[in-house]
Amino acid sequence: MRVGLKSESSKKRFEVLALPHLDAVYRMAMRLTSDATEAEDLAQEAYYRAYRAFESFELRDYGIKPWLLRILHNVFFTAKGKQRREPTLLDDVDFDHFADELPGTAEEPLTADLLDWDQFDQELKAAVETLPVDYRVVLLLWAIEELSYKEIAEVCSCPVGTVMSRLYRARQMLGQGLLDYARERNLSTERFES
Amino acid sequence: MNCLDFRKYGGAFADGELTTERNLDALEHLKMCPDCVRRVDGIHALKRALTRLGAGEKAPAALAARIVADLNSPAAKTGLYPSSRWFRIGLVPMGLAAGFILAFWVSRPWSGPQIQPGQTTLLKALAVDARDQHRRCEVMGPEHHDPALPRELNSVVKPLSEQLRLRVIAPDLSAAGYRFVGADRCGIRGRPGAHLLYQSVARGLFLSVFTVPRLDDLQMNRFSGEDGHWYFAASDEELTVVAWSDGPQSYVWCAREAESDLLAFADQFRGPSSPRKLDQDEGSGKG
């Protein structure tokens, strides 16, 4: 691998590969910072660091997008003085074990899953903002960036089981929050009549 | 698979992430359980709603231009400077400070070994460069780390050695009271190299360990023993620099420590043989 001055062709290659993912990087920066100016700075810093590390990047199964997002994730948490691996959230356990925490019967109310999400765009947006940052990030990467669980794990530097449990809890928390909102306003909470 | 199991795996099923065997089990369950079918529908609906909300969020148009401008900056091209934007803003005052330090350094009596005048200048330049790079990087603290590298001390050696084609050292200095903070590819004297940064647990001060291609332009092997090793040490009132070569690479340490202490830290990493220290009997006279 060549070291030393970055060539024009290397710079061009980086631009061609990395810049198309700027929207995705910016979206994640927004989820992390909740502030447009900070998000721009964070995205810019992430690209700068990615360019400096470009020679160490290997185009693997995941492509450059998870790699960029991972750098962004690490830059953010490093700047915040946090460890790259966040302290385990109280309920952020390995997926294979968290089923033990589910209620002992199968008769869990299904209303969270029956919620008509189309009614609640703004409320959904606000509800996402109230989630812990780790859950917000995983939700974004899952829903908007459509990354696989493995890719999300790569970005967040955590096991796949943790990704699955965070997704599960994020969906539960969103559902519960919006159910409460819907009930307060006597809005429909069931898509299907029994 | 029962409903309790499906609650555990339903999300992964909806996302197509289950193994073939579990997927078949889930499909069998769904044939008999309309509630779980609705559960899957709900997950898909949530995903669509989130996608709809996020799809319109685009990066500002000017951000791409700023990023491209960053890539064209001299610092980005050489990769020798820390990457922090906040630090780049401070490069001018840092440059001025480095200039003052250089002026101070070349004007004071040489505190290291006495060697020939030409070599004195070159060794002084090495010391100044090492100290400058150390100062530039220590202000970043934990942020002085290439995110593409592992965070663990033992894990950075291999990728750095492969990338730089050098035998990078990553000494464990915990016994000396220093913890590893981060690693990046910063060089000195215009040569890309590995830079490991450590911080004193008790005092918060930083220590740098550089691995760079052998500093042949300083003609160091003129001062080496039969085994090709050499070292020199120099200190001013603030920072001490210790350097030695070993094969095709040179190692340069810099810290706010007394020369004897820094040499003691580095001693165990200075190679299998005992290198000779440059002393005032070297060469034709005093510098």
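Letters A, B, ... are given to chains in the order of the sequence lines, protein chains preceding strands, and every chain is numbered from 1.
Looking at A/V25, neither its backbone nor its side chain comes within 4.5 Å of chain B, counting heavy atoms on both sides. Heavy atoms of A/L19 lying under 4.5 Å from chain B belong exclusively to its side chain. Using a 4.5 Å cut-off between heavy atoms, A/E15 contacts chain B through its side chain alone, with no backbone atom that close.
A salt bridge links A/R31 with B/E57: the distance from a Lys NZ or Arg NE/NH1/NH2 to an Asp or Glu carboxylate oxygen falls below 4.0 Å. No salt bridge links B/D25 with B/R22; every basic N to acidic carboxylate O contact stays at or beyond 4.0 Å.
Using a 3.5 Å distance cut-off with no hydrogens or angles, the side chains of A/T33 and A/D35 do not pair a donor with an acceptor.
Contact tally against chain A (heavy-atom pairs below 4.5 Å) for B/P34, B/A62, B/G10, B/P60: the top residue is B/P60.
A distance below 6.0 Å separates the ring centres of B/H195 and B/H144.
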